[in-house]
Amino acid sequence: MKKNKPIIGITSTILDIEIKGEVNPSVQTNHQYVKTVNEIGGLPIVLPVTNKEIAKDYAELCDGIIFTSGEDISPSKYNKPPLEGLQKPHITRDEVELPLAKYAVENKIPILGTCRGLGVINVALGGSMKQNIETKDRPFSHNQEISRKLPSHQIAIKEDSHLYQLLGIKHAMVNSKHHQAIEDLADSLKVAAVAEDGVIEAVEAKDKDLFILGLQFHPEELYDQDTNMLNLLMLFREACEK
């Protein structure tokens with residue numbers, strides 16, 4: 001059967017749901033990712049958390065992969081001890097997503113990461129994370145109280161970035177629902193955008209032949225009201241078609 005849409009994998013987590021007094025571990029991802037992939041012209045496939053051996057199969061199945069938001073990455077994955085403010089990691093999820101990101105990069109499969117997904121890309125390629133940035137002395141909170149469908153702060157896009165070349169804008173308004181951020185950037189990545197307080201908001205591959213875009217924000221929640229976010233998602237879909 002001929003395929004006329006790029007298959008875009010969407011990572012997920014395991015959520016315990018109680019049904020009639022019995023706990024049922026369930027595959028969970030925000031449906032907005034599925035809706036977004038469908039609306040930009042891709043074929044959405046949710047990738048369940050199983051084991052690290054399946055990561056290579058997922059990579060071979062997909063034309064592109066979205067690494068979604070969710071739990072903290074275990075600091076053991078970037079050789080750091082757990083610190084105060086770390087929220088409960090999901091090690092089984094890490095053990096699927098980190099090798100999946102590596103396989104995707106090795107095979108030049110386009111990847112887009114949002115929130116946790118940015119961290120997955122960075123850690124998979126050798127970087128590390130600040131385990132909690134939400135302290136009292138921050139100029140503003142990166143874990144906004146308003147709906148994630150509304151932007152809360154501005155980012156500056158670096159003019160030497162591929163992201164700037166694609167979008168042609170120096171600034172964008174974004175949403176923000178996170179308490180971690182990049183500490184050490186992976187050697188193969190470069191900063192594409194920063195927040196007003198210096199937090200890294202977007203990263204991309206130094207190798208321009210690779211479509212790697214990690215975002216600390218959620219374009220999937222903003223694209224229906226922000227053309228720049230829609231353009232960003234469409235560019236990802238186009239990369240998945242090549």
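Along the sequence shown, the residues carry numbers beginning at 1.
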What distance do [X] atom [atom1] and [Y] atom [atom2] have between them, rounded to the nearest 0.5 Å?
X	Y	atom1	atom2	value
Leu210	Lys108	CG	NZ	6.5 Å
Gln32	Thr68	CD	OG1	13.0 Å
Ile182	Asp184	CD1	CG	10.0 Å
Ile155	Leu215	CD1	CG	7.5 Å
Ile111	Phe67	CD1	CZ	5.5 Å
Thr36	Ile66	OG1	CD1	7.0 Å

Does [X] belong to the same Ile/Leu/Val/Met/Phe/Trp/Tyr cluster as [Y], with side-chain heavy atoms less than 4.5 Å apart forming each link?
X	Y	result
Val34	Ile14	no
Leu125	Ile73	yes
Tyr58	Ile10	no
Leu112	Val123	no
Ile157	Met229	yes

Please check if atom [atom1] in [X] has more than 12 non-hydrogen atoms from other residues, nucleotides or ligands closer than 6.0 Å.
X	atom1	value
Lys170	NZ	no
Lys206	NZ	yes
Lys190	NZ	yes

Could you give all pairs that pass the salt bridge (Lys or Arg N to Asp or Glu O under 4.0 Å) test and reach [range], with sequence neighbours left out?
range	value
residues 72-93	Glu71-Arg93, Lys77-Glu95, Lys80-Glu183, Arg93-Glu97
residues 222-231	none
residues 4-23	none
residues 233-242	Arg237-Glu241

Under the 3.5 angstrom rule, does the side chain of [X] hit a backbone N or O of [Y] as a donor-acceptor pair?
X	Y	value
Asn107	Ile109	no
Gln225	Lys149	yes
Glu201	Ala193	no
Gln28	Leu15	no
Asn175	Pro151	no

For [X] and [Y], work out which heavy atoms get closest and say how close.
X	Y	result
Leu98	Ala124	O-CB, 3.6 Å
Ala186	Asn122	N-OD1, 2.9 Å
Pro219	Leu233	O-CD1, 3.8 Å
Ile121	Gly113	CD1-N, 3.8 Å
Cys240	Gly64	SG-CA, 3.5 Å
His153	Ala195	CE1-CB, 3.9 Å

Let me check something: any side-chain donor-acceptor pairs from residues 158-168 under 3.5 Å, sequence neighbours excluded? List them with distances.
from: Ser161; atom 1: OG; to: Lys158; atom 2: O; distance (Å): 2.6
from: Ser161; atom 1: OG; to: Tyr164; atom 2: N; distance (Å): 3.0

request  = Go through the steps for Leu86 and Gln180 under the test side chain to side chain contact (heavy atoms under 4.5 Å, CB included), then give the verdict.
outcome  = CA-CA 9 Å; Leu86 177 73; Gln180 294 197 320; 3.7 Å; yes
ask   = Among pairs that include at least one residue of residues 75-119, which meet ring-ring contact (aromatic ring centres under 6.0 Å, His included), considering only residues two or more places apart or in two chains?
value = none
ask   = Of all residues at least two apart in sequence or in a different chain, which pass the side chain to side chain contact (heavy atoms under 4.5 Å, CB included) check with Ser26?
value = Ile17, Asn24
ring-ring contact (aromatic ring centres under 6.0 Å, His included) partners for [X], two or more places apart:
X	value
His178	His142
Tyr33	none
Phe217	none

query = Are side-chain heavy atoms of Ile8 and Asp63 found at a separation under 4.5 Å?
reply = no
Could you tabulate the donor-acceptor pairs under 3.5 Å formed by side-chain atoms of residues 37-51, not counting sequence neighbours?
from: Glu39; atom 1: OE1; to: Tyr223; atom 2: OH; distance (Å): 2.6
from: Glu39; atom 1: OE2; to: Lys35; atom 2: NZ; distance (Å): 3.3
from: Asn51; atom 1: OD1; to: Glu53; atom 2: N; distance (Å): 3.2
from: Asn51; atom 1: OD1; to: Ile54; atom 2: N; distance (Å): 3.3

key: Partner of Glu221 by side-chain contact (heavy atoms from CB on, under 4.5 Å), out of Leu150, Thr114, Asn30   = Asn30
message = Hydrogens and angles aside, do Ser176 and Ser152 bring a side-chain donor and acceptor to less than 3.5 Å of each other?
response = no
message = Applying side chain to side chain donor-acceptor pair (under 3.5 Å) as the test, list every pair that has at least one member in residues 207-218; sequence neighbours left out.
response = His218-Glu220
